[in-house]
Amino acid sequence: MTEVIAHRGFHNHVPENTLPAFASALATNADAIEIDLHRTKDGHLVIIHDEIIDRTTNGHGFVKALTLAQIQTYATRNTNGPLFYDVQVPTFRDLLTYLAEKNFTRTLVIEVKTDKLNYPGIEQEILDTLAEFDPQYSVIFQSFNLNTLHTFRELAPTVEIAALTFIITPKVLMGRRRGDFDYIHPDITKLKSIPLMYALAKRIGHVRPWNVDQYADQQRLIRDGFAGLITNEVQKALALRDSIN
């Protein structure tokens, strides 16, 4: 059955990558929630998508150049959306505490945002933080940075790892065959525009495309038995899967 993964939580009416978005995702019974991790100037792992805070808050600047206290003084929002003055950018610990309180038993997909900026040692820090909470749920690490994935494989050989990519390149295919990672997460826009790539993805399995928001794309992936889809339209995907299955 195709897993439905809530991209940055379920954030149709609340800011993305915040505790209300994750609560909304749990309420929909999504199979997994997906988050993005950066690190602040003073060493806190925070859940935010962009390298800068401008799009998703009413503040300005790079995450790595601001302290946690500075970042959390700002209101949050989705792109061009209303401001939520009572919702802060959460830390990784905030989310892990929340999931423990909710007895979370699904899957947490963690995107490590090292494709544009370097956060030395972030892989070990993430693993150490998780270990403190002893999660009883599945965790998948994903990144566009193949070196980050290699580091996770070296540090924790049994963890589940996914390569984020726009297209499925020979380098990505070779990495999976070597066991560098377990899954491939490609861009649905690129995947459906190249028929041979789509056919390849369907055949090899263990593929979960991202930004699968259009009804036709969701329907096609579910009917074709893809391992999962990462979507902002969580409720629509779940209802469609129920109708097909």
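Please read these numbers as outputs of a predicted model, since none were measured by experiment.
Of all the heavy atoms in L127 and F141, the pair that sits closest is CD2-CZ, 3.7 Å. For the pair N145 and T114, the tightest heavy-atom approach, listed with the atom from each and the gap, is ND2-O, 2.9 Å. Across every non-hydrogen atom of Y198 and L191, the tightest pair is CB-O, 3.6 Å. A pairwise comparison of heavy atoms in V159 and D182 identifies O-OD2, 3.6 Å as the closest pair. Contact detail for L173 and I184: the closest heavy-atom pair is CD2-CD1, 4.4 Å. In plain terms, the two heavy atoms of V172 and A163 that are nearest each other are CG1-CB, 4.5 Å.
The residues D31 and R208 are annotated as not salt-bridged, no charged nitrogen and carboxylate oxygen being separated by less than 4.0 angstrom. Checked for salt-bridge contact, R55 and E16 meet the test: a charged N lies under 4.0 Å from a carboxylate O. With salt bridges taken as basic N to acidic carboxylate O contacts below 4.0 Å, none links D50 and K116.
The CG atom of L240 lies 9.5 Å from the OG1 atom of T2; values are rounded to the nearest 0.5 Å. The CG atom of N17 sits 8.5 Å away from the CG atom of L37 when rounded to the nearest 0.5 Å. Note that CZ of F22 is 9.0 Å distant from NE2 of H11, once rounded to the nearest 0.5 Å. Distance check, rounded to the nearest 0.5 Å: CD of Q142 to OH of Y183 gives 12.0 Å. Taken to the nearest 0.5 Å, the CZ atom of R8 stands 7.0 Å off from the CD atom of E34. Note that CD1 of I230 and NE2 of H185 are 5.0 Å apart. Values are rounded to the nearest 0.5 Å.
In this structure, R106 contributes its side chain and I33 its backbone to no donor-acceptor pair below 3.5 Å. Side-chain N or O atoms of T151 include one that pairs as donor or acceptor with a backbone N or O of N147 at under 3.5 Å. No donor-acceptor pair under 3.5 Å is formed between the side chain of R93 and the backbone N or O of H44. D42 places no side-chain N or O within 3.5 Å of a backbone atom of T67 that could act as its donor or acceptor partner.
Note: the hydrophobic cluster containing L146 also contains L117 (ILVMFWY, side chain heavy atoms under 4.5 Å, direct or indirect links). Under a hydrophobic clustering in which Ile, Leu, Val, Met, Phe, Trp and Tyr are joined whenever their side-chain heavy atoms come within less than 4.5 Å, directly or via other members, V109 and V212 fall into different clusters. In terms of hydrophobic clustering, with Ile, Leu, Val, Met, Phe, Trp and Tyr side chains grouped at heavy-atom distances under 4.5 Å, F226 and W210 are assigned to different clusters. Grouping the Ile, Leu, Val, Met, Phe, Trp and Tyr side chains by contacts below 4.5 angstrom, directly or via other members, places L221 with I244. Side-chain heavy atoms closer than 4.5 Å link hydrophobic residues (I, L, V, M, F, W, Y) into clusters, and following such links, even through other members, never connects I167 to F144.
The number of heavy-atom neighbours closer than 6.0 Å to CD of Q219, taken from other residues, nucleotides and ligands shown, is above 12. Within 6.0 Å of the CZ atom in F62, the count of heavy atoms belonging to other residues, nucleotides or ligands does not exceed 12.
With a 4.5 Å cut-off on side-chain heavy atoms, V4 and N29 do not count as touching. Counting heavy atoms from C-beta on, the side chains of K113 and H49 come closer than 4.5 Å.
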**Request:** Dump the intermediate steps for side chain to side chain contact (heavy atoms under 4.5 Å, CB included) on R223 and R220, then the final yes or no.
**Result:** CA-CA 5 Å; R223 290 192 183 280; R220 186 181 184 189; 6.0 Å; no
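Screening D224, D217, D187 for a salt bridge (Lys or Arg N to Asp or Glu O under 4.0 Å) with K192, the sole residue that qualifies is D217.
For the residue pair T97 and D94, no side-chain donor N or O sits within less than 3.5 Å of a side-chain acceptor on the partner.
Y74 belongs to a hydrophobic cluster whose remaining members, ordered by chain and number, are V46, I48, I53, V63, L66, L68, I71, V89; membership requires side-chain heavy atoms of ILVMFWY residues under 4.5 Å apart, directly or through intermediates.
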